[in-house]
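The structure displayed is predicted, hence computed values, not measured ones. Below, read A as the first sequence line, B as the second, and so on, with proteins coming before strands; counting in each chain starts at 1.
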2 protein chains.
Amino acid sequence: MSKKQAILLNATKLFSQKGYKDTSMAELAKRTGSAGSTIFYHFKTKEALFLSILKNVRETIITDFNRYLKESRFENGLEMVEGAISFYLACAGRMEDQFRLLHRHYPHELAQANPLCRQHLEAIYECFIDMFAQAIGHGQKDGSIGILSARKTALIIFSMVDGLVRFNTYNLYDAGSLYDEVIESCRKMLKNS
Amino acid sequence: MSKKQAILLNATKLFSQKGYKDTSMAELAKRTGSAGSTIFYHFKTKEALFLSILKNVRETIITDFNRYLKESRFENGLEMVEGAISFYLACAGRMEDQFRLLHRHYPHELAQANPLCRQHLEAIYECFIDMFAQAIGHGQKDGSIGILSARKTALIIFSMVDGLVRFNTYNLYDAGSLYDEVIESCRKMLKNS
DNA sequence: AAATTGACTGAGCAATCAGTCAGTTTGTAG
DNA sequence: CTACAAACTGACTGATTGCTCAGTCAATTT
C-alpha cells in the first residue's frame, strides 16, 4: 500500500474516532509510519486531507447504493421501503468509521463555509433520502402505501433509522434489537388503510 | 451577575457552538471580561467546567419537565404522546445551546470514562424516553394505543423527534414544517386497530 | 551520463494551549 | 480602624499544534 493510501486509511479512523480537532497530524504520521511532513506533501492542509476523505466516503456510499439498486427486486413499494431500511442499517454497519465521521459536527460546520464540503454532504444525504422517497412513491402507485407526502415521510423515516445508528455508536441501545419494531412501525405508518 | 455565572453562561454558548476542544479558555475569559486565571479559580480544570455546565443542563431540563408534568392534562395516552413530542420540540427550541451541547460527541465520549458525566447524560435521556414510555403505557391502558413494547416504541419515537432537532441544527430541513407529519405518523404507528 | 521527476524526511518555526502561582483587590465581620 | 478570607489578576510555563523548508534518494526520461 502506498503511503498516501495509508495516510487516508488511518486518518479516516482517527477523524471518526477522535474528531477533527483532536486528531493530530503528528499522531497520524506515527501510525502511518511516515514522517510528519509526508502528510503535507500529499495534502496541502489538514482540512484538504479531511475533504479528500469525505470525497472517498461519498464515492463509496454512492457505489454501494448503485450496486444495491441493481441487485434488489421487490414485490411492492412497501417492501421496497423495508429493503431500504435494511440497506441503510447494513451500510452503517459495514462502514462504521465513515458513518461516525458523518455524524460528527465538524463536516456540517465546514459545510457552512466550504461549498465542496456541502456538495459531498448533500450528495450523501440526498442519496439516502431519495431512496426512501422513491420507494414510497412506488408504493403509492401500486397501492401498498397510503396518501402522504413522499419527501416528508422519507425525511421522518431517515431521521428514525439514523437515530438508531447513533444509539449504537453511543452505546445507548442496541439498534439490532429495535430492528423488528422499526420495520413494524414503518409498516403501520405507511400502509394504505 | 457574578463572574462565575458569567463564565458558565459564556462557556455554555462556546462549548455548544464551537465544541469542547475548539473552545479556548483564553477566549472564554475575554468574552467573560475577566482574567484567564479567574476561570481556574472557580473551576479546577476545563473538564470540571464542562461537567458543571452539564449538571446545569440536567437540572434545567428536569425542572422544565416537572413543570410540564404538573401543568398538562390529556384525554388519553395517545394525546399524551403527542403532548410529549410537542414538549420535546419546544424544549429543544427554548434551550438551543444546551441541546446542541448534548448532540455533540464530546459528552458521550467523556461519559465512557467519567461516571459523573454518564450519570448526567443518562438522567437527561431517561427523562425524555420515560416520558414517551409512560404516555404509551397510559394509552395501552385506556385503549387508545395498541399492543407493542412501550420502551422500544418510546426509543423509536425519541429517535425520530431528536432527528428533527438535528435537522434544524444542521440547517438541513426545517423541523417545524415536518411537525404535522410526525404527529400523524406517530398516531398511525401507535393507534389501536 | 546528465537531467528531471515524485516520494519522502528531519529539523525547526510561530502560535496556541491548559494550567500555575505569587501577589493584589474587594467585601465583610469584629 | 484592623484582620482575614474570598475573589480576582497578570505574568509565566512546558507541552503541543499545524505547517514550512531545504534537502535526500531512487526511478525514469532525455
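- Side chain of Ala35(B), nearest nucleotide from dC8(C), dG10(C), dT9(D): dT9(D).
- Atom NE2 of His138(B) has 12 or fewer neighbouring heavy atoms from other residues, nucleotides or ligands inside a 6.0 Å radius.
- Residue contacts shown for Lys3(B) are limited to sugar-phosphate atoms, with no base heavy atom under 4.0 Å away.
- Between dC8(D) and His42(B), a contact under 4.0 Å exists linking OP1 or OP2 to a side-chain N or O.
- In this structure, Tyr20(B) places its OH atom 12 Å from C1' of dC17(C), rounding to the nearest Å.
- No engagement by Thr32(B) is indicated, since no non-hydrogen atom pair under 4.0 Å with the nucleic acid exists.
- For Phe99(B) and Tyr88(B), the ring centers sit closer than 6.0 Å to each other.
- Other residues, nucleotides and ligands place more than 12 heavy atoms under 6.0 Å from the CD atom of Gln112(B).
- Between Lys21(B) and dT17(D) there is no side-chain N or O to OP1 or OP2 distance below 4.0 Å.
- Distances were taken from every side-chain heavy atom of Thr38(A) (C-beta onward) to each of dG19(C), dC8(C), dC8(D); the shortest belongs to dC8(C).
- In this entry the distance linking CE of Met25(A) with P of dC8(C) reads 15 Å, nearest Å.
- Atom pair Lys4(B):NZ and dT9(D):P shows a separation of 15 Å (rounding to whole Å applied).
- When the side-chain nitrogen and oxygen atoms of Lys46(A) are compared with OP1 and OP2 of dG18(D), one or more of them lie within a distance under 4.0 Å.
- With respect to the salt-bridge test (charged N to carboxylate O, under 4.0 angstrom), the residues Glu109(B) and Arg100(A) do not qualify.
- Rounded to whole Å, atom C1' of dC21(D) lies 16 Å from atom NZ of Lys44(A).
- Checking Ser37(A) against Tyr41(A), the closest nucleotide of DNA chain C that is more toward the 5' end is the one next to Tyr41(A).
- In this structure, Leu28(B) atom CG and dC8(D) atom P are separated by 14 Å, rounded to whole Å.
- Distances shorter than 4.0 Å separate none of the side-chain N or O atoms of Ser24(A) from OP1 or OP2 on dT16(D).
- dA18(C) atom P lies 11 Å from atom CG of Asp22(A), rounded to whole Å.
- A cation-pi geometry, defined here as NZ or CZ lying under 6.0 Å from the six-membered ring centre and within 45° of its normal, does not hold between Lys21(A) and Tyr20(B).
- Here Ser2(A) lies out of heavy-atom contact (under 4.0 Å) with every strand.
- Between Ile39(B) atom CD1 and dG10(D) atom C1' the separation is 14 Å, expressed in whole Å.
- Summarising the geometry, the separation between CD on Glu47(A) and C1' on dC19(D) is reported as 14 Å, rounded to the nearest angstrom.
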